[in-house]
Amino acid sequence: MVSEFPPDVAVVGAGPIGLAIAWRCAVRGLRVVVHDPDPGSGAVYAAAGMLAPVAEAYFGEHELTGLLTESAARWPAFAAELAAASGTDLGYRSEGTLMVGLTTDDLAVARRLWAYQQGLGLPVTPLRPSELRDREPALSPRTRGGAYAGTDHQVDPRRLVSALRTATERAGGVLVPTPVQRLTEVTAGTTVVAAGCGTAALTGLPVRPVKGQVLRLRAPDGPGFQHVIRGFADGEQVYLVPRQDGEVVVGATSEERTDTMVTSGAVLRLLRAATDLVPEVAEYELIEALAGLRPGSPDNAPILGPLPGRPGVLAATGHHRHGIVLTPVTADLIADLIATGTPDPLLAPFTPQRLGRVASRPPDTAAPARRSAAAALTPQEESWN
């Protein structure tokens, strides 16, 4: 039951980011309300759940890599605490990730990236083809080489959202199944906008949709491999994420598009690359093909902190392909800011202020979004974290 008094915190959006912030605030004793017409049904439903600070460390993203590494280090304790609070198995697995190259050209591209990652001090262990297949015999004998990232883990995003919802409600948070069209509809001490791509229409922030298509397969007798496998196969990038229940997630495209149509070409490319790396995948059942929209920012880093000129409104959006791995650190930083009023230094590179004048535009004068209103987005389009 909602109190007659305004809540201390209102969170707009019940994806993993919004729910984790709500949970962290609720356990601090704050009165929390989460607004979402269909919690947990957003585009996180399509996410693979890789916790990959090493494999996701790309050129020119030094500050983001630091945040990824920090959040990944928090994941073991976060997962244990959330599992205990919710009574839910999150599907958290820590076997690590194998990064591979199928052809000589693929391996050359991959080695350049691995050298960059090693230069940042990240734990990347090069492996010869025989060492790769010792770890994962299911890998194709054509694979030319690879590397091991032992700190890159995984979690099941669908279980994560379910656990966060349960933990939030058990801590006293209230979920309100109504959409928010304008922030003026929300009354609270602090409003946190964690609405994925819908954040653009609510705040004017330059959050754009980035389409990703993904497949889910099922192995009849369970996957024949244990590690997450990320690779280059004839120039195509692909990942395979094995679940303990027999599911394997294969993904994902990255397209500057706003539709959520699954295309035959994307399915073909993903399956061809996946079977090139792990041939037995060709015998798995195809159980789902879907697309979601990741919320991207101009620099593909998250947007975290107070909106310029809008007291009491915080953003927690723009996580692009990193929403799941960044869930713990985002929740901690935003909840701490709400509770103490003092921003953690980790927030400094990711505040809305870095985006310049565009970050302070009110929604009615902001540059037109590709989808003009949050209400026009389907639940699966709201955020893919």
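Every value quoted in this text rests on a predicted model; they were computed, and no experiment measured them.
For the pair V124 and A147, the tightest heavy-atom approach, listed with the atom from each and the gap, is CG1-CB, 3.7 Å. A pairwise comparison of heavy atoms in G49 and I324 identifies CA-CG2, 4.1 Å as the closest pair. For the pair S71 and T327, the tightest heavy-atom approach, listed with the atom from each and the gap, is OG-N, 4.2 Å. Minimum heavy-atom separation, T143 to P129: O-CB, 3.6 Å. Minimum interatomic distance between Q213 and T263 (heavy atoms only, all atoms of both residues): OE1-N, 2.8 Å. Here the closest non-hydrogen pair linking T151 and P53 is O-CD, 4.2 Å.
Atom OG1 of T317 is separated from atom CD1 of I17 by 9.0 Å, given to the nearest 0.5 angstrom. Within the model, atoms SG of C197 and CG of L202 stand 12.0 Å from one another, a figure rounded to the nearest 0.5 Å.
Relative ring orientation between F78 and W23 is described as perpendicular, the plane-to-plane angle rising above 60° on a 0-90° scale split at 30° and 60°.
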Item to check | Test side chain to side chain contact (heavy atoms under 4.5 Å, CB included) applied to L67 and F350, step by step | outcome: CA-CA 10 Å; L67 192 67; F350 307 104; 3.8 Å; yes

Next on the checklist: Assess the residue pair V12 and V186 against the criterion (side chain to side chain contact (heavy atoms under 4.5 Å, CB included)); give the C-alpha distance rounded to whole Å, side-chain angles, the decisive distance to 0.1 Å, and a yes or no.
Outcome noted: CA-CA 9 Å; V12 182; V186 180; 4.3 Å; yes

Checklist entry - Is there a side chain to side chain contact (heavy atoms under 4.5 Å, CB included) between L314 and T190 once you walk through the steps? => result CA-CA 7 Å; L314 306 180; T190 301; 3.9 Å; yes

Next on the checklist: Please determine whether side chain to side chain contact (heavy atoms under 4.5 Å, CB included) holds for the pair L215 and E288, giving the CA-CA distance in whole Å, both sets of side-chain angles, and the decisive distance to 0.1 Å.
Outcome noted: CA-CA 6 Å; L215 311 175; E288 192 174 36; over 6 Å; no

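For the residue pair R294/N300, the side-chain donor-acceptor check at 3.5 Å is not satisfied. For the residue pair Q154 and E95, no side-chain donor N or O sits within less than 3.5 Å of a side-chain acceptor on the partner. No donor-acceptor contact under 3.5 angstrom links the side chains of Q226 and R135, judged on distance only. A donor-acceptor pair shorter than 3.5 Å can be found between the side chains of E136 and H227. Using modelled atom types, one finds a donor on one side chain and an acceptor on the other under 3.5 Å when comparing S297 with D299.
The existence of a salt bridge linking R28 and D336 is confirmed by a sub-4.0 Å separation between a basic side-chain nitrogen and an acidic carboxylate oxygen. By the 4.0 Å N-to-carboxylate-O rule, E131 lies close enough to R128 to be salt-bridged with it. Using a cut-off of 4.0 Å between Lys/Arg side-chain N and Asp/Glu carboxylate O, D259 and R257 are scored as salt-bridged. The pair E256-K211 fails the salt-bridge criterion, with no side-chain N (NZ, NE, NH1 or NH2) lying under 4.0 Å from an Asp/Glu carboxylate O. Salt-bridge annotation for R216 and E247: present, with a side-chain N of the basic residue lying under 4.0 Å from a carboxylate O of the acidic one.
Judged by the 6.0 Å and 45° rule, R159 forms no cation-pi pair with Y92. The cationic group of R31 does not satisfy the cation-pi geometry with F5, failing either the under 6.0 Å distance to the six-membered ring centre or the 45° limit from the ring axis.
Considering only heavy atoms from C-beta on, Y45 comes within 4.5 Å of L290 through its side chain. Using a 4.5 Å cut-off on side-chain heavy atoms (C-beta onward), T260 and L293 make contact.
Connection of L271 to V241 is not established within any shared hydrophobic cluster, with ILVMFWY side chains joined at heavy-atom distances below 4.5 Å, either directly or through further cluster members. V100 and Y58 fall into different hydrophobic clusters, where Ile, Leu, Val, Met, Phe, Trp and Tyr side chains are chained together by heavy-atom contacts under 4.5 Å. No path of Ile, Leu, Val, Met, Phe, Trp and Tyr side chains, each step under 4.5 Å between heavy atoms, connects V214 with V262, placing them in separate hydrophobic clusters. Under a hydrophobic clustering in which Ile, Leu, Val, Met, Phe, Trp and Tyr are joined whenever their side-chain heavy atoms come within less than 4.5 Å, directly or via other members, L333 and V325 fall into the same cluster. A continuous path of Ile, Leu, Val, Met, Phe, Trp and Tyr side chains, each step under 4.5 Å between heavy atoms, connects V267 with Y284, placing both in one hydrophobic cluster.
Looking only at distances, a side-chain donor or acceptor of H153 sits under 3.5 Å from a matching main-chain atom of G150. With hydrogens and angles disregarded, a donor-acceptor distance shorter than 3.5 Å links the side chain of D106 to the backbone of G235. In this structure, D152 contributes its side chain and T97 its backbone to no donor-acceptor pair below 3.5 Å.
Applying the salt bridge (Lys or Arg N to Asp or Glu O under 4.0 Å) test to pairs two or more places apart or on separate chains, those with a residue in residues 56-85 are R24-E81, E56-R230, E56-R321, E61-R321, E70-R74, R74-D332.
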